[in-house]
There are 2 protein chains.
Amino acid sequence: MRILIVEDDKKIASFLEKGLQEAGFSVDVSYNGVDGLSLALTEPYAAAVIDIMLPGLDGLSLIEKLRLRNIDIPVLILSARQSVDDRIEGLQRGGDDYMVKPFSFNELLARIQALLRRGQKHADASVLNVGELQLNPLSRQVTRQGEKLELPAKEYALLELLMRNSGRVISKTSILERIYEYNFDPQTNVVDVLVCRLRNSVDKEYESKLIHTVRGMGYVLRAE
Amino acid sequence: MRILIVEDDKKIASFLEKGLQEAGFSVDVSYNGVDGLSLALTEPYAAAVIDIMLPGLDGLSLIEKLRLRNIDIPVLILSARQSVDDRIEGLQRGGDDYMVKPFSFNELLARIQALLRRGQKHADASVLNVGELQLNPLSRQVTRQGEKLELPAKEYALLELLMRNSGRVISKTSILERIYEYNFDPQTNVVDVLVCRLRNSVDKEYESKLIHTVRGMGYVLRAE
DNA sequence: CTTCAACAATCAGAATTCGCATACATCGTA
DNA sequence: TACGATGTATGCGAATTCTGATTGTTGAAG
């Protein structure tokens with residue numbers, strides 16, 4: 001279960017990171033609001049711990065931007081500002097809990113777990129991840145390294161097929177059957193062409209190549 | 001929206017009761033754990049504020065009994081015990097938030113609203129928000145940037161469908177099935193035309209476009 | 001090491017599909 | 001009747017996909 005920390009104080013950030021990792025979470029840290037936002041928009045976090053006073057984009061604006069884009073993960077606000085009005089503002093602008101520094105790590109952990117417990121009801125849709133590639137079947141959105149990719153229908157269908165079977169070799173005839181309606185094997189190279197186009201969309205601009213051909217067999221999607 | 005208060009200190013109880021009533025909630029009060037439990041088991045509350053130190057049945061045990069019977073309403077614990085360990089225990093035994101007395105009523109209200117906000121996300125009758133669009137299913141009113149939009153029946157139905165599934169791609173056939181009664185796929189372009197009309201009503205006059213087409217798949221409503 | 005055949009990748013133009021806008025027809029209602 | 005809402009028909013333009021030809025790669029045989 002992944003948690004995002006957005007905190008510019010590096011000591012606090014690493015303290016939180018270690019503690020949450022020990023508690024069994026997978027943790028990402030960002031030291032400013034802008035990076036935090038792009039992470040939160042692209043990675044599937046279960047929750048976030050966000051400081052208010054951040055360089056660039058402040059924490060509350062960050063949360064508002066998340067909510068605007070329907071990122072509904074629970075957010076625990078962490079702040080040095082302890083006045084009641086600050087706390088109220090934090091909660092009203094989209095935070096789910098508010099803790100004042102200095103804080104007890106164990107209480108923070110308990111509060112995060114309380115938030116997660118509540119959220120677990122609505123288990124979110126399974127997002128497919130392969131390496132730096134991410135595909136959300138519901139929104140039909142594909143990103144690589146956080147950048148959005150625009151894929152035409154057939155390319156998208158093929159990519160989804162490959163991602164659902166990542167690591168396994170998919171034969172051309174299998175692709176033909178599943179993406180096209182062909183149940184016979186006509187003399188066509190549509191699949192070759194499709195794979196080529198998908199490569200241009202997905203692999204071309206990037207260093208590591210994810211789509212591999214297995215000569216005589218078919219294709220695999222594999223992160224290496 | 002109904003809220004339950006379980007608090008043996010009558011001054012605090014009535015203070016809370018008044019404040020929450022002023023905030024628009026319908027409030028029930030019980031002065032001991034046993035009554036509180038039976039109320040919570042029989043009435044449909046949206047949330048509860050529960051003191052820990054109670055005559056008869058203590059607050060934490062009360063919460064556990066509720067959870068045991070699948071009463072999953074959000075619970076805010078109110079307590080004089082302020083040690084970190086007390087707070088952690090309260091959260092771990094099923095509380096969703098923990099406030100120490102003396103407390104600020106406005107902060108308590110904000111915290112309750114944060115809890116309700118989270119729980120209500122998927123409630124049916126609640127107001128739908130996507131970006132600067134707002135739709136109230138009960139009054140059938142739609143606004144964008146606060147301005148009221150007049151939508152014909154079909155356009156309204158489509159918008160509600162899209163808003164209830166914002167971020168998800170809805171196929172044309174799905175629209176055909178859910179807005180029209182067609183279960184087959186006749187040769188018609190009603191959906192295209194309807195979407196076009198809805199765009200004219202909803203997106204045309206505004207800078208940011210909310211209705212996006214996903215070629216070959218359908219349409220999404222997304223704030224961007 | 002070279003050659004060759006099978007296979008794969010790529011390219012460009014053609015063909016097709018798709019979505020959009022517009023105009024028109026129909027229907028019910030004030 | 002006049003009007004608004006809604007379904008149908010049509011054509012345009014662009015995005016997408018296919019076809020067929022060409023080029024590139026691989027690995028085994030000679």
Side-chain angles (χ1 to χ4, degrees), chain A residues 140-142 148-162 169-206 209-222, chain B residues 140-142 148-162 169-206 209-222:
Chain A
R140 226 204 83 127
Q141 295 216 90
V142 183
K148 203 161 144 191
L149 302 182
E150 297 288 349
L151 297 185
K154 283 259 148 60
E155 291 181 38
Y156 174 86
L158 174 59
L159 182 61
E160 183 172 340
L161 175 63
L162 290 174
V169 178
I170 307 294
S171 72
K172 288 189 188 182
T173 43
S174 172
I175 293 174
L176 214 45
E177 283 174 12
R178 301 217 225 163
I179 294 196
Y180 303 81
E181 316 256 290
Y182 303 172
N183 283 336
F184 54 103
D185 190 340
Q187 296 187 324
T188 171
N189 67 341
V190 268
V191 175
D192 302 61
V193 177
L194 180 59
V195 170
C196 176
R197 294 199 317 256
L198 183 60
R199 277 194 167 117
N200 284 334
S201 304
V202 164
D203 270 344
K204 196 170 193 177
E205 318 283 347
Y206 299 85
K209 306 306 179 190
L210 300 178
I211 302 171
H212 307 271
T213 97
V214 181
R215 203 181 167 77
M217 297 274 107
Y219 302 90
V220 213
L221 190 71
R222 190 174 341 125
Chain B
R140 293 175 69 92
Q141 284 215 352
V142 182
K148 197 164 154 189
L149 303 181
E150 295 291 347
L151 297 185
K154 290 278 182 217
E155 291 182 39
Y156 173 86
L158 175 59
L159 183 61
E160 182 173 340
L161 175 63
L162 290 175
V169 177
I170 307 294
S171 72
K172 286 189 188 183
T173 42
S174 172
I175 294 173
L176 215 45
E177 283 174 11
R178 293 159 85 168
I179 294 197
Y180 303 82
E181 315 258 290
Y182 302 172
N183 284 335
F184 53 103
D185 191 341
Q187 296 185 322
T188 171
N189 67 341
V190 266
V191 175
D192 302 61
V193 177
L194 182 59
V195 169
C196 178
R197 287 174 178 149
L198 182 60
R199 277 197 167 114
N200 285 335
S201 305
V202 164
D203 270 344
K204 195 170 193 177
E205 318 284 346
Y206 299 86
K209 307 305 179 191
L210 301 178
I211 303 172
H212 306 270
T213 96
V214 181
R215 192 168 225 273
M217 292 295 305
Y219 301 91
V220 214
L221 191 71
R222 184 170 27 224

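- A straight line from CG of A:Leu176 to P of D:dT17 spans 15 Å, rounded to a whole angstrom.
- Checking side-chain atoms of B:Arg222 against main-chain N and O of B:His212 turns up no donor-acceptor pair under 3.5 Å.
- Residue-level contact check: A:Tyr180 touches the backbone only, with heavy atoms under 4.0 Å from sugar-phosphate atoms and none from bases.
- The distance from atom CD of A:Glu155 to atom C1' of D:dT17 is 10 Å, rounded to the nearest whole Å.
- What separates CD of B:Gln187 from C1' of D:dG7 is a distance of 15 Å, to the nearest Å.
- One atom, CG of A:Leu194, and another, P of D:dT19, lie 13 Å apart when rounded to the nearest Å.
- Salt bridge B:Glu155/B:Arg197: absent, no basic N to carboxylate O contact under 4.0 Å.
- Within the 3.5 Å criterion, the main-chain N or O of A:Tyr206 finds a donor-acceptor partner in the side chain of A:Lys209.
- For the pair B:Glu150 CD and D:dG4 C1', the computed distance is 13 Å after rounding to whole Å.
- With rounding to whole Å, A:Asp203 atom CG is found 12 Å from C:dA9 atom P.
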Study note, to complete from the structure: Once base and sugar-phosphate atoms are separated, protein heavy atoms under 4.0 Å mark nucleotides 13-30 of chain C, 5' to 3', with B, S and - as -----BSSB---------
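- Smallest separation of non-hydrogen atoms from A:Leu194 and A:Lys154: CD1-CB, 3.8 Å.
- Checking each of A:Leu158, A:Val220, A:Leu221 against A:Ile211 for a side chain to side chain contact (heavy atoms under 4.5 Å, CB included) leaves exactly one that passes, namely A:Leu221.
- Dashed line: the shortest gap from a side-chain N or O of B:Thr188 to OP1 or OP2 of D:dT8 is under 4.0 Å.
- When all heavy atoms of B:Ser201 and B:Leu151 are compared, the pair lying nearest together is CB-CD2, 3.4 Å.
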